[in-house]
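To find a chain, count down the sequence lines: A is the first, B the second, and so on, and within it residues start at 1.
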Amino acid sequence: MPNYWLMKSEADVYSIQDLERDGRTMWDGVRNYQARNNMRAMKVGDLVLYYHSRQTPSAVVGVARVVRESYPDPTQFDATNKYFDAKSSEDDPRWWLVDIEYVGTFETQVGLPDVKGEKALADMVLVNNSRLSVQPVQKAEFDRVLAMAGFRLQES
DNA sequence: GCCAACGTTGGC
DNA sequence: GCCAACGTTGGC
């Protein structure tokens, strides 16, 4: 059984369209311990709601899947990278990431107001801790968001 | 673009 | 270990 997550990206930084074009990507640059811990808990095959923040309205826009379990974020060791962290070391990395692949884009985005208006989604982390960029999602919540989007996953 | 809410840092 | 100061996120 997969677990379910939600990952945020600013639409003008790395959108679901960018992920569709690339096929898969390294989720680098996360510098929050709670978000990192969530990525370290991910397994290959886990499913991800892809969320665009800082657009109007912010919305869940599609689905991705974890394709590689957590490993050290290489950008933390690169002094020329904006995510460089001088306090991290290769022996004891601070920051970890996963690789995700594109699954699909919703024809109907599920906006934050829609999520907030849905009783069954009242306990989503998205509603209660808006700052966390990688968060766990219950299966029932995941299924409900997909239903609201009118999106069907390919059976595997 | 503003600013509230939150997380992190560092002085004590 | 507390907490003020600071930086960042993200909704609006």
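With A:Y71 as the aromatic partner, A:R68 meets the cation-pi criteria of under 6.0 angstrom to the ring centre and within 45 degrees of the ring axis.
Side-chain atoms of A:Y33 lie closest to B:dT8 of the nucleotides B:dT8, C:dG11, C:dT8. With B:dA5, B:dG10, C:dC12 as the candidates, the nucleotide lying closest to the side chain of A:K87 is B:dG10. Considering only the side chain of A:N129, B:dG7 comes nearest among B:dG7, C:dG10, B:dT8. With distances taken from any side-chain atom of A:R54 to the nucleotides B:dC2, B:dG7, C:dT8, the minimum falls on B:dC2.
Not less than 6.0 angstrom separates the ring centroid of A:F77 from the ring centroid of A:W95. The aromatic ring centroids of A:W27 and A:Y50 lie less than 6.0 Å from each other.
Remark: C1' of C:dG10 and CG of A:N128 are 16 Å apart, rounded to the nearest angstrom. Atom P of nucleotide B:dC6 and atom CG of A:L126 are separated by 14 Å, given to the nearest angstrom. When rounded to the nearest whole Å, the span between CZ of A:R31 and P of B:dT8 equals 13 Å. Computed from coordinates, the A:Q34 CD to B:dG7 C1' distance equals 10 Å when rounded to whole Å. Between A:Y51 atom OH and C:dT9 atom P the separation is 15 Å, expressed in whole Å. Rounded to an integer number of Å, the gap from A:N38 CG to B:dG7 P is 13 Å. Put simply, CD on A:E10 is 8 Å from C1' on C:dG10, counting in whole angstrom units. The nearest whole Å value for the distance from the NZ atom in A:K82 to the P atom in C:dT8 is 11 Å.
Residue A:M7 is tested with A:L49, A:V98, A:V137 for a side-chain contact (heavy atoms from CB on, under 4.5 Å); the sole match is A:V98.
Residue A:R131 places a side-chain atom within donor-acceptor reach of the base of C:dT8, judged by atom type and a 3.5 Å distance cut-off alone.
Considering only side-chain N and O atoms, A:S58 lies nowhere under 4.0 angstrom from the phosphate OP1 or OP2 of C:dG10. OP1 and OP2 of C:dT8 both lie 4.0 Å or more from every side-chain N or O belonging to A:Y83. The phosphate of C:dG10 (OP1 or OP2) has a side-chain N or O of A:K8 nearer than 4.0 angstrom. Within the 4.0 Å cut-off from OP1 or OP2 of C:dC12, at least one side-chain nitrogen or oxygen of A:K116 is found.
Side-chain atoms of A:D46 come within 3.5 Å of backbone atoms of A:K43 as a donor-acceptor pair (strictly under, hydrogens ignored).
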